[in-house]
Novice: 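I'd like to ask some things about the structure below.
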Amino acid sequence: MNRSPHIRGLIALAAVALSLYVALTVPVHLGLDLRGGTQIVLETRPAADADGEATDRTVEVLRGRIDALGVAEPTIARSGSDRIVVELPGLQDPRKAAEVLGRTAQLTFHQVLGTAAGADDVSDPLHKRPREQVVADESGQYLRLQAASLTGKDVEKAAARFDQQGAAGWHVTVDFRGSGEKGWARLTGEAACHAPGDPARRVAIVLDDKIISSPQVDPSVACRSGISGGSTQITGTFDDSEAKELALLINGGALPVPVDTVEQRTVGPTLGAQAITASAWAAVVGTALTSLFIIAVYRILGALATAALACYGLISYAALAALGATLTLPGLAGFVLAIGMAVDANVLVFERAREEYASRHRPTPRSSLTAGFRRAFSAIADSNITTLIGAGLLFFLASGPVRGFGVTLGIGVLASMVSALVITRALADYAVARPALRRRPHLTGIAHTGTVRDRLSRSRPNLLRHPRRWLATSAAALVLAAAGIAVRGLDFGVEFTGGRLIEYTTTTPVDADRARSALADAGFPRAVVQTSGDNQLTVRTQHLSNTQAAAITDTVTDLAPRADKIRDEAIGPSLGKELRHGALIALVVALGAQLIYLAARFRWLLGTSAVAALAHDVVILVGIFAWLGKPVDGVFLAALLTVIGYSVNDSVVVFDRIRELGRRDRKAPFARVANQALLQTLPRTVNTGMGAVFILTALAVLGGDTLTDFALALLIGLVVGTYSSMFTATPLAIELHQRGGAGRIPAVRGSTRR
């Protein structure tokens with residue numbers, strides 16, 4: 001008895017059960033573009049003494065400031081050597097956040113004059129001193145402090161240490177420099193003149209107007225002499241983390257690292273909720289249409305593939321939750337898009353099974369299905385690996401929400417392979433083994449060749465008889481696209497140019513010309529104003545301060561009293577330049593990585609042809625967006641790199657079939673083999689394309705304004721990529737092979753059994 005079906009069934013059941021448990025117990029972290037809030041990226045200014053440790057100190061200081069804002073569940077993390085990413089969910093006032101976060105740390109040392117009843121208790125004429133202030137200490141008790149005697153500039157360094165000899169536990173040592181040594185001796189000498197236990201014997205260390213420590217001068221220190229030597233210890237009931245945190249805070253004040261805001265994004269909660277709802281509807285409608293199409297074409301096996309798609313969604317969601325990944329809006333779109341990729345693997349298998357059944361080499365649906373899975377595995381692996389390359393590049397070379405899209409797309413690709421190769425196969429193996437289906441093989445959906453294959457079998461057209469004509473058509477399309485880029489130019493988004501983009505929603509339509517005139521009168525003559533459906537108004541300008549952005553909001557509010565700001569993005573010029581370079585590098589690396597992988601799998605002839613077709617797709621997609629006047633931004637980059645990974649699937653499938661047919665008859669002319677491979681894979685191309693079209697159309701129609709351009713780019717890429725794989729990559733391979741002086745198919749790598 002063959003144990004493989006039972007093992008696959010157990011693996012499928014375990015994967016679904018584990019995913020269900022994770023999905024029910026671990027929540028997915030939503031990005032700010034879905035739940036609303038503000039994200040600020042800070043960059044430390046170059047300094048002679050600034051290093052990675054200085055950035056860590058800055059993070060600790062900023063964390064305390066964020067806590068003072070009262071934001072629920074904030075996150076702050078270091079990015080690279082000199083950047084800090086701060087996420088503030090629910091905060092809709094970026095001006096307040098930027099003012100608090102961008103302040104340079106102020107560390108001061110004060111003599112304690114005594115206690116106070118409250119924050120305003122400085123009126124005692126016997127105790128009031130010039131520039132006196134009242135601040136609460138670590139326990140919440142208010143202390144009256146004299147003016148600062150020392151500042152962070154007088155501190156050399158602070159370090160957390162453990163007293164192993166005296167068993168006194170953790171303490172913090174502080175070393176002073178220059179005049180700070182005498183200043184510390186004078187300050188502690190004044191405090192030592194008071195009796196032990198008197199609040200005036202304490203010294204207050206204040207960071208950003210908050211006491212972080214107020215130690216009492218040791219009784220052994222004599223009055224007026226103080227602590228000499230330029231070094232002191234702060235002792236107390238510290239554990240290791242508390243001592244290290246205090247040392248970091250002191251060092252942060254001692255070495256304040258000025259920071260600049262290089263990126264700022266604010267998304268209103270309404271827009272985030274609308275995005276989630278729109279994407280959910282797109283997923284439901286797109287999946288439903290795709291499922292109906294698959295069931296209509298493949299019947300029982302199509303229904304089982306639909307059930308596997310539901311499992312795919314569960315596995316993908318659980319993987320996102322388990323990895324702690326942040327689900328962004330482009331990531332949500334990638335989640336929906338991967339549904340189409342999961343369909344692609346099922347279609348490949350079912351079409352191969354149909355071929356096996358039609359050839360009569362496999363007389364039963366069960367044996368045909370087994371052969372279909374085996375022979376389709378190579379094409380499935382190659383096509384998904386190329387997409388994973390694109391997803392990996394998005395993760396390593398992109399940033400922000402686009403990186404989230406790369407993570408989600410990569411998880412989706414892996415989940416789709418599990419769905420198609422494990423779950424679908426386990427369900428299909430069980431179904432075709434039932435006596436009822438053995439007696440009625442036509443219900444399986446693979447016991448016939450299908451309408452497209454029947455027509456191709458009867459007519460046997462030679463689609464590649466004139467390969468140069470197809471190449472001429474592709475060249476004409478390239479010229480037209482390049483003309484759009486040259487004539488219309490590219491409308492780079494704020495991410496690539498730097499500047500500020502603010503989007504509003506209004507209850508009544510606002511005329512764009514009127515808004516431009518009002519903004520010009522307000523001092524913003526170069527503001528670019530655009531209106532779109534659902535009463536939305538977008539203003540894009542050069543770099544603005546938060547005060548200037550507030551002036552733009554006031555102007556728009558005068559035009560439409562009930563205008564709500566739903567999005568606010570600010571990108572510094574240095575970051576915009578960096579993102580532009582990163583996008584170009586990502587594109588070049590993506591094409592190079594595809595070339596290397598395809599060359600390794602299919603030799604340089606076919607690999608070069610596939611990558612040339614990919615470059616053709618990229619230029620045409622960019623050209624169409626130039627003619628349409630659509631923005632080229634980070635989301636478009638995500639779509640572009642996805643097209644590179646997604647459209648190469650068709651080329652991989654055709655080339656995989658060329659490799660297989662060439663091994664069967666090594667003396668056959670390459671052109672004839674290529675045409676035969678194209679005809680045999682055409683039904684798969686049609687069915688897969690239809691499944692992806694349903695998903696992308698649902699995204700374009702139901703995904704809202706935010707996802708419309710993304711879905712449009714993918715739809716264009718799908719059409720252009722399908723065409724280029726058949727009538728650009730394959731004809732180019734024929735031409736390159738003929739120029740090589742050979743008539744037969746070249747030797748290719750790979751196993752002959754799949």
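This is a predicted model, so every value here is computed, not measured.
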Novice: Check Thr306 against Ser291 and note the closest heavy-atom contact, atom names and distance.
Specialist: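 Scanning both residues, the minimum pair turns out to be CG2-OG, 3.2 Å.
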Novice: Compare all side-chain heavy atoms of Ile300 with those of Val432 and state whether any distance is below 4.5 angstrom.
Specialist: no
Novice: Can you sort out the partners of Ile624 under side-chain contact (heavy atoms from CB on, under 4.5 Å), two or more places apart, ordered by chain and number?
Specialist: Ile620, Leu628, Ile716
Novice: Between Tyr312 and Ala415, which heavy-atom pair has the shortest distance, and what is it?
Specialist: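 Closest heavy-atom pair between Tyr312 and Ala415: CD1-CB, 3.6 Å.
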Novice: Quick one: list whatever passes side-chain contact (heavy atoms from CB on, under 4.5 Å) with Leu679, sequence neighbours left out.
Specialist: Leu456, Pro461, Leu463, Asn675
Novice: So Ile423 and Val16, side chain to side chain contact (heavy atoms under 4.5 Å, CB included) or not? Walk me through it.
Specialist: CA-CA 9 Å; Ile423 298 177; Val16 172; 4.0 Å; yes
Novice: How close do Phe655 and Leu606 get, heavy atom to heavy atom, and via which atoms?
Specialist: CE1-O, 3.2 Å
Novice: Taking all non-hydrogen atoms of both residues into account, name the closest pair between Leu437 and Ala431 and its distance.
Specialist: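 Closest heavy-atom pair between Leu437 and Ala431: CD1-O, 3.2 Å.
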Novice: Specify the closest pair of heavy atoms between Ile294 and Gly302, including all atoms of both residues, with the distance to one decimal.
Specialist: CG2-CA, 3.5 Å
Novice: Go through the structure and list residues passing ring-ring contact (aromatic ring centres under 6.0 Å, His included) with Phe727, not counting sequence neighbours.
Specialist: Trp470, Tyr723
Novice: Please tell me whether Thr370 and Ser367 have a donor and an acceptor in their side chains that are separated by less than 3.5 angstrom.
Specialist: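 No donor-acceptor contact under 3.5 Å links the two side chains.
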Novice: Determine the minimum heavy-atom distance between Ala321 and Val22, stating which atoms define it.
Specialist: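 That closest heavy-atom pairing would be CB-CG1, 4.2 Å.
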Novice: Quick check on side chain to side chain contact (heavy atoms under 4.5 Å, CB included): which of Ile734, Thr728, Leu732, Thr730 does Ser609 satisfy it with?
Specialist: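 Going through the options one by one, the only one that passes is Leu732.
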Novice: Should Arg374 and Glu356 count as an ion pair when the cut-off is N to O under 4.0 Å?
Specialist: no
Novice: Pairs in or reaching into residues 424-437: which pass side chain to side chain donor-acceptor pair (under 3.5 Å), with residues at least two apart or in two chains?
Specialist: Arg8-Asp429, Asn346-Thr424
Novice: Could you give the distance from CG (Leu20) to CD1 (Ile315), rounded to the nearest 0.5 Å?
Specialist: 11.0 Å
Novice: Report, one line per pair, each donor and acceptor closer than 3.5 Å where one atom sits in a side chain of residues 611-619; sequence neighbours left out.
Specialist:
unit_1	atom_1	unit_2	atom_2	d
Asp617	OD1	Ser724	OG	2.9
Asp617	OD2	Ser647	OG	3.3
Asp617	OD2	Ser724	OG	3.1

Novice: Using the test salt bridge (charged side-chain N to carboxylate O under 4.0 Å, His left out), find all partners of Arg299 that sit at least two apart in sequence or belong to another chain.
Specialist: none
Novice: Could you measure the distance from the CG atom of Leu301 to the CG atom of Leu369? Nearest 0.5 Å is fine.
Specialist: 6.0 Å
Novice: Name all residues meeting the side-chain hydrogen bond (donor to acceptor under 3.5 Å, both in side chains) criterion together with Gln680; count only those two or more places apart in sequence or in a different chain, and write none if there are none.
Specialist: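 Arg657.
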Novice: Please list, chain by chain and in numerical order, all residues satisfying salt bridge (charged side-chain N to carboxylate O under 4.0 Å, His left out) with Arg469, sequence neighbours excluded.
Specialist: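 Result, salt bridge (charged side-chain N to carboxylate O under 4.0 Å, His left out) vs Arg469: none returned.
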Novice: Take Ser378 and Arg659 through the side chain to side chain donor-acceptor pair (under 3.5 Å) test and state the conclusion after the steps.
Specialist: CA-CA 11 Å; Ser378 176; Arg659 177 171 57 188; 3.1 Å; yes
Novice: Taking atom CG of Leu304 and atom CG of Leu309, what is their separation to the nearest 0.5 Å?
Specialist: 11.5 Å
Novice: List in chain and number order the residues that pass ring-ring contact (aromatic ring centres under 6.0 Å, His included) with Phe350, two or more places apart in sequence or in another chain; answer none if no residue qualifies.
Specialist: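 Per chain and number, Phe350 pairs via ring-ring contact (aromatic ring centres under 6.0 Å, His included) with Tyr298.
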Novice: Excluding sequence neighbours, so at least two apart, what forms side-chain contact (heavy atoms from CB on, under 4.5 Å) with Leu10?
Specialist: none
Novice: Output yes when Arg375 and Glu355 qualify as a salt bridge under the 4.0 Å nitrogen-oxygen rule, no when they do not.
Specialist: no
Novice: May I have the step-by-step check of side chain to side chain contact (heavy atoms under 4.5 Å, CB included) for Thr722 and Val686, ending in yes or no?
Specialist: CA-CA 9 Å; Thr722 301; Val686 172; over 6 Å; no
Novice: Would you mind reporting whether Val720 and Leu621 have side-chain heavy atoms less than 4.5 Å apart?
Specialist: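 Side-chain contact under 4.5 Å: no.
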Novice: Could I get the full list of salt bridge (charged side-chain N to carboxylate O under 4.0 Å, His left out) partners for Arg439, not counting sequence neighbours?
Specialist: none
Novice: Side chain to side chain contact (heavy atoms under 4.5 Å, CB included), that's the test. Do Tyr357 and Ile446 meet it? Break it down for me.
Specialist: CA-CA 7 Å; Tyr357 191 88; Ile446 60 174; 5.7 Å; no
Novice: Before you tell me yes or no, could you show the steps for Gln676 and Ile658 under side chain to side chain contact (heavy atoms under 4.5 Å, CB included), namely the whole-Å CA-CA distance, both residues' side-chain angles and the distance that decides it to 0.1 Å?
Specialist: CA-CA 8 Å; Gln676 186 180 359; Ile658 290 175; over 6 Å; no
Novice: Quick one: side-chain contact (heavy atoms from CB on, under 4.5 Å) partners of Ile11, sequence neighbours excluded?
Specialist: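 Ile11: side-chain contact (heavy atoms from CB on, under 4.5 Å) contacts with Ile7, Val422.
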Novice: Got a second to check how far Asn462's CG is from Arg672's CZ, nearest 0.5 Å?
Specialist: 10.5 Å
